[in-house]
Amino acid sequence: QHNSGVEVAARIDRVTDELLTSRDLVIDVSEDRYTTLTTLGREERVVDFAEQGQSAGIAVAAQDDVSAAIEARTISGQPLSSDQEMAVDYIAMSGNRLDALVGPAGAGKSKTVEALADAYERAGIPVMGLAISAGAAEVLREEAGLEWTSTIAKLLWENDVRRGGPQIEFTIPRGAVMVIDEASMVSSEQFDRLVDLADEHQAKIIVVGDYRQLGSVGAGGLFRLLAS
């Protein structure tokens with residue numbers, strides 16, 4: 001056990017030395033922060049996607065479809081709040097390549113996503129629900145009523161790795177809407193790859209969550225940046 005611990009410590013030292021001497025490393029001495037040029041590049045591409053995609057005419061639902069989706073909630077006895085209605089109305093018709101739906105737990109984000117999905121489906125626009133874990137994807141299906149949900153890792157693997165292309169059910173329809181739940185947990189690398197797919201298929205991304213909650217395992221923080 002002692003030898004094993006020494007070996008592990010030596011390995012950590014070696015990896016640390018390699019990282020600190022890497023040309024990819026960026027150190028902000030004044031803030032005592034570290035990142036890499038690779039991460040900065042990913043973040044820049046995602047932010048550019050959002051900023052340059054304003055009013056791009058992507059996945060725009062008609063006013064009648066949006067109004068019908070909002071009215072359907074009222075008829076069912078579960079009306080949206082004024083804030084939720086405003087979010088549905090704006091996001092469904094903004095035409096932005098990327099929109100953010102931000103709120104703490106219990107704020108009614110799932111109910112808002114459900115109404116958004118209804119509006120898009122009435123307009124004939126496919127909606128895909130994505131989350132970090134299979135459990136979260138299932139919750140998205142049950143609470144937001146999305147028919148198609150998957151983990152982000154599975155969608156990326158099918159479209160980026162699978163030889164011969166993705167299985168039919170993982171093909172991203174042109175002009176689709178990709179709803180990313182618990183977006184604070186999505187790493188910068190995953191965001192970058194999702195943006196590439198959205199760009200390729202002329203799809204819209206809606207990031208949903210609370211950036212003050214648990215962050216990603218890998219380099220992250222993009223959701224907070226996008227929300228701001």
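Model, not experiment: these values are computed from the prediction.
- Residue V208 is not grouped with residue V186 when hydrophobic side chains (ILVMFWY) are merged at heavy-atom distances under 4.5 angstrom, including chains of intermediate members.
- Remark: A72 pairs with D118, R122 by the side chain to side chain contact (heavy atoms under 4.5 Å, CB included) rule, at least two apart or across chains.
- The cluster map of Ile, Leu, Val, Met, Phe, Trp and Tyr, joined by side-chain heavy atoms under 4.5 Å apart, puts V47 and V207 in the same cluster.
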Exercise. When you look at L197 and L156, which way does the side chain to side chain contact (heavy atoms under 4.5 Å, CB included) test go after all the steps?
Worked result: CA-CA 9 Å; L197 288 177; L156 293 177; 3.8 Å; yes

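- The CZ atom of R45 sits 14.0 Å away from atom CZ of F191, with the distance rounded to the nearest 0.5 Å.
- The hydrophobic side chain of I58 is isolated, with no ILVMFWY side chain under 4.5 Å apart from it.
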For this session: Step by step, work out the side chain to side chain contact (heavy atoms under 4.5 Å, CB included) result for V127 and L116.
Result: CA-CA 9 Å; V127 179; L116 271 169; over 6 Å; no

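- The environment of Q63 atom CD is dense: over 12 non-hydrogen atoms of other residues, nucleotides or ligands sit within 6.0 angstrom.
- Taking CZ of R97 as the start and CD1 of I206 as the end, the distance is 13.0 Å to the nearest 0.5 Å.
- The distance from atom CD1 of I125 to atom NZ of K204, rounded to the nearest 0.5 Å, is 9.5 Å.
- Using a distance-only test at 3.5 Å, with no hydrogens or angles considered, no donor-acceptor pair links the side chain of Q190 to the main chain of I152.
- Every residue two or more places apart in sequence or in another chain was checked for a side chain to side chain donor-acceptor pair (under 3.5 Å) with E114, and none qualifies.
- Using a 4.5 Å cut-off between side-chain heavy atoms of Ile, Leu, Val, Met, Phe, Trp and Tyr, with links allowed through other members, I91 and L80 fall into the same hydrophobic cluster.
- K111 and S81 share no side-chain donor-acceptor pair at under 3.5 Å.
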Exercise. Step by step, would you call F49 with L226 a side chain to side chain contact (heavy atoms under 4.5 Å, CB included)?
Worked result: CA-CA 10 Å; F49 175 85; L226 291 170; over 6 Å; no

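- A distance-only check finds a donor-acceptor pair linking the side chain of S76 to the backbone of R73 [under 3.5 Å].
- The backbone N or O of A50 lies less than 3.5 Å from a partner atom in the side chain of Q54, making a donor-acceptor pair.
- Within the 3.5 Å criterion, the main-chain N or O of E85 finds no donor-acceptor partner in the side chain of D89.
- For the pair L194 and L130, the minimum side-chain heavy-atom distance is below 4.5 Å.
- Surrounding CD of E44 are at most 12 heavy atoms belonging to other residues, nucleotides or ligands under 6.0 Å away.
- In this structure, L98 is a member of the same hydrophobic cluster as V102, with clusters built from ILVMFWY side-chain heavy atoms closer than 4.5 Å.
- In terms of heavy atoms, M178 sits closest to A203 at SD-CB, 4.0 Å.
- Heavy-atom minimum distance, F170 versus S150: CE2-OG, 3.3 Å.
- Atom CD1 of I180 and atom CD1 of I132 lie 9.0 Å apart (nearest 0.5 Å).
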Problem set entry | Candidate pair Y90 and N96, rule side chain to side chain contact (heavy atoms under 4.5 Å, CB included), full reasoning | CA-CA 10 Å; Y90 174 77; N96 296 336; 3.0 Å; yes

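- Note: I70 CD1 to M86 CE = 10.5 Å, rounded to the nearest 0.5 Å.
- Minimum heavy-atom separation, S133 to T151: C-CG2, 3.6 Å.
- The hydrophobic cluster containing V177 does not contain V195, counting ILVMFWY residues as joined when their side-chain heavy atoms lie under 4.5 angstrom apart, directly or transitively.
- Atom CD of E200 and atom CZ of R174 lie 10.0 Å apart (nearest 0.5 Å).
- Panel note: side chain K109, backbone G103; a donor-acceptor pair is recorded below 3.5 Å.
- L155 and N159 get closest at one heavy-atom pair: O-ND2, 2.9 Å.
- P126 and P173 get closest at one heavy-atom pair: CG-CB, 3.9 Å.
- Residue S94 comes nearest to D99 through the heavy atom pair OG-OD2, 2.7 Å, listed as atom of the first residue, atom of the second, then distance.
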